[in-house]
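Right, one structure below, let's go through it.
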Protein chains: 2
Amino acid sequence: MGTRRRGEELERAILQAAAEELARSGYAGMTMDRVAARAGTNKNAIYRRWPHRAALGVAAYRHLSDVAMPNPDTGTLRGDALEMLRQANETWSSPHGAVLRSLLAAAADDPALLDLMRERSGADTMDRAWLAMLARAVARGEAPPTAVHPRVAAAPMMLLRAEYAMRGIPSVPDEVLIEIVDEVFLPLVRGRV
Amino acid sequence: MGTRRRGEELERAILQAAAEELARSGYAGMTMDRVAARAGTNKNAIYRRWPHRAALGVAAYRHLSDVAMPNPDTGTLRGDALEMLRQANETWSSPHGAVLRSLLAAAADDPALLDLMRERSGADTMDRAWLAMLARAVARGEAPPTAVHPRVAAAPMMLLRAEYAMRGIPSVPDEVLIEIVDEVFLPLVRGRV
DNA sequence: CCCTGTACGGTACTGCGCGTACCCTAAGGG
DNA sequence: CCCTTAGGGTACGCGCAGTACCGTACAGGG
């Protein structure tokens with residue numbers, strides 16, 4: 001048979017297959033044999049590139065997602081915060097987000113996965129976006145300067161994440177996002193004198 | 001050999017063995033074979049009582065834990081909140097908490113486990129304790145009446161939980177608890193006018 | 001244009017863990 | 001005292017991670 005794929009081409013095929021398996025069965029259901037079969041190759045070619053399943057999982061996730069970091073500027077702190085949460089909620093509810101959640105869940109029992117996820121998680125970038133948002137609010141006189149604080153910036157996303165962890169999974173209703181902003185985030189900003 | 005255990009006695013022995021395995025290796029590392037061996041019996045006796053590993057895991061967890069709900073009354077809102085967080089942190093850092101976290105992690109991939117855990121999580125009781133705490137602060141004139149709100153009450157524990165999810169595992173340092181109280185919880189209470 | 005090293009493909013195998021089947025044997029109630 | 005019931009011993013079947021071996025196509029240098 002003429003064409004035997006090599007190098008880049010094969011690697012893309014494997015990542016594609018792994019991503020499809022992730023989307024279909026989650027990380028727990030992604031088996032090396034099925035990935036190999038779907039890619040039309042065998043486990044050898046996979047293990048020659050990634051040392052274990054966790055590495056492949058993270059690589060496949062990276063392959064299908066280049067998440068654009070949102071940076072809304074609606075003119076009000078409330079509008080910006082709500083927009084950030086809505087975009088995050090949308091991302092995490094999507095099939096793509098299901099993959100991410102599945103990886104995060106698995107990471108709790110798999111230190112290798114946890115390390116791999118931490119660097120790629122984009123949490124830092126997210127925090128910076130929130131801090132920038134707060135700085136703009138301060139510049140507008142909408143918030144006291146003391147509101148620009150890492151814990152304040154990280155709180156809303158953490159609450160949203162905890163909401164996901166508590167409910168089964170699917171999607172957090174918009175009312176919850178509004179409550180997080182109106183009952184927690186804005187009072188918190190206001191209270192930091 | 002004269003004595004062959006039956007019924008209640010055997011069941012307690014199995015649960016005890018399962019709890020010890022949970023404490024030693026977490027849920028992911030609790031194997032049916034080892035539980036059977038430690039209990040001095042075989043998998044037959046286990047599967048006759050619980051349909052699958054998840055059921056045994058939850059049953060074993062219940063067997064070794066009747067968590068006392070803390071209800072501190074230090075005289076100040078700050079003292080109460082810090083005490084609640086410290087006790088939660090201690091519980092979750094303990095072997096017992098490790099078991100709980102391990103079960104929760106596994107629950108993300110195992111719907112049966114998730115259902116079993118939800119009823120036993122004690123989240124409601126926890127929220128009530130925080131609301132009572134806030135009500136006392138209001139009575140002392142330490143907080144505005146509007147601060148008594150479910151989202152406010154739930155926020156600190158959610159932040160602590162998110163902190164656990166982010167870091168690898170072991171224990172959240174006390175400084176973080178203090179920051180959650182001083183930089184988030186108290187300003188939040190103050191800002192709810 | 002051949003020759004050789006390297007990567008791919010095929011396959012088989014170890015090790016482990018869940019869940020099941022089968023058969024023998026001790027308990028203990030009628 | 002016997003007969004049903006439940007425990008004990010053991011051996012499976014199955015699926016999956018990761019490894020080993022070997023033959024073979026491909027690329028690139030001579």
Side-chain angles (χ1 to χ4, degrees), chain A residues 1-18 20-22 24-60 102-103 105-107 109-116, chain B residues 1-18 20-22 24-60 102-103 105-107 109-113 116:
Chain A
M1 298 321 206
T3 45
R4 176 185 279 186
R5 295 162 303 174
R6 296 173 78 84
E8 280 279 321
E9 183 187 359
L10 181 58
E11 184 155 334
R12 272 198 312 273
I14 294 172
L15 284 175
Q16 182 61 33
E20 283 168 23
E21 280 298 316
L22 269 183
R24 225 178 56 84
S25 328
Y27 178 73
M30 179 193 88
T31 76
M32 299 305 256
D33 290 279
R34 273 208 295 271
V35 169
R38 186 186 282 266
T41 179
N42 60 359
K43 291 191 289 180
N44 259 338
I46 302 180
Y47 280 105
R48 214 170 279 131
R49 292 173 166 76
W50 299 276
H52 44 242
R53 203 170 69 99
L56 176 61
V58 175
S102 147
L103 282 171
D109 267 323
D110 191 333
L113 234 185
L114 184 65
D115 288 345
L116 290 174
Chain B
M1 297 321 213
T3 46
R4 175 184 281 186
R5 295 161 303 175
R6 295 172 79 84
E8 281 277 321
E9 182 187 0
L10 182 57
E11 184 154 334
R12 268 182 285 122
I14 293 173
L15 283 175
Q16 181 61 33
E20 284 167 24
E21 280 297 317
L22 269 183
R24 226 176 56 84
S25 328
Y27 178 73
M30 178 193 89
T31 76
M32 300 304 256
D33 291 275
R34 273 209 294 272
V35 170
R38 186 186 282 267
T41 179
N42 60 0
K43 290 191 290 181
N44 261 338
I46 302 179
Y47 281 104
R48 213 170 280 131
R49 292 173 167 77
W50 298 276
H52 43 244
R53 203 170 69 100
L56 175 61
V58 174
S102 145
L103 281 171
D109 271 321
D110 191 333
L113 236 184
L116 290 173

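As the structure is a prediction and not an experimental result, all values here were calculated from the model. Order of the sequence lines sets the chain letters (A, B, ...), proteins ahead of strands, with each chain counted from 1.
Distances shown here put a side-chain N or O of A:Thr41 below 4.0 Å from the OP1 or OP2 atom of C:dG9. Within the structure, a side-chain polar atom (N or O) of B:Arg48 is placed less than 4.0 Å from OP1 or OP2 of D:dG7. At the phosphate of C:dC8, OP1 or OP2 sits under 4.0 Å from a side-chain N or O atom of A:Arg49.
When atom types are taken as modelled, the side chain of B:Tyr27 and the backbone of B:Val58 share no donor-acceptor pair closer than 3.5 angstrom.
Judged by closest nucleotide on DNA chain C, A:Asn42 is the one of B:Tyr47 and A:Asn42 placed further toward the 5' end. Between B:Leu10 and B:Lys43, the residue whose closest nucleotide on DNA chain D is further toward the 5' end is B:Leu10.
The distance from atom CG of A:Asp33 to atom P of C:dT11 is 13 Å, rounded to the nearest whole Å. If you measure from atom CD1 of B:Ile46 to atom C1' of C:dG19, you get 12 Å, rounded to the nearest angstrom. Rounded to whole Å, atom P of D:dG15 lies 19 Å from atom CE of A:Met30. Spacing between atom NE2 of A:His52 and atom P of C:dC16 amounts to 20 Å, rounded to whole angstrom units. In this structure, CG of B:Leu56 is placed 15 Å from P of C:dG17, rounded to the nearest angstrom. Rounded to an integer number of Å, the gap from A:Glu8 CD to D:dA27 P is 14 Å. Regarding A:Arg53, its CZ atom lies at a distance of 8 Å from the P atom of D:dG18, rounded to whole Å.
Taking only side-chain atoms of A:Met32, from C-beta outward, the nucleotide of D:dA17, C:dC8, D:dG8 with the closest atom is D:dA17.
Judged by distance alone, with hydrogens and angles left aside, B:Asn44 brings a side-chain donor or acceptor within reach of the base of D:dG9, the pair sitting under 3.5 Å.
Distance check, rounded to the nearest 0.5 Å: CG of A:Leu56 to CG of A:Leu22 gives 7.5 Å.
Every pair passing salt bridge (Lys or Arg N to Asp or Glu O under 4.0 Å) that includes a residue from residues 35-49 of chain A is listed here, sequence neighbours excluded: A:Glu11-A:Arg49, A:Glu20-A:Arg38, A:Glu21-A:Arg38, A:Asp33-A:Lys43.
A cation-pi arrangement is not found for B:Arg53 relative to B:Tyr47, the charged atom failing to lie both closer than 6.0 Å to the ring centre and inside a 45° cone about the ring normal.
The shortest side-chain heavy-atom distance between A:Trp50 and A:Ile14 falls under the 4.5 Å cut-off.
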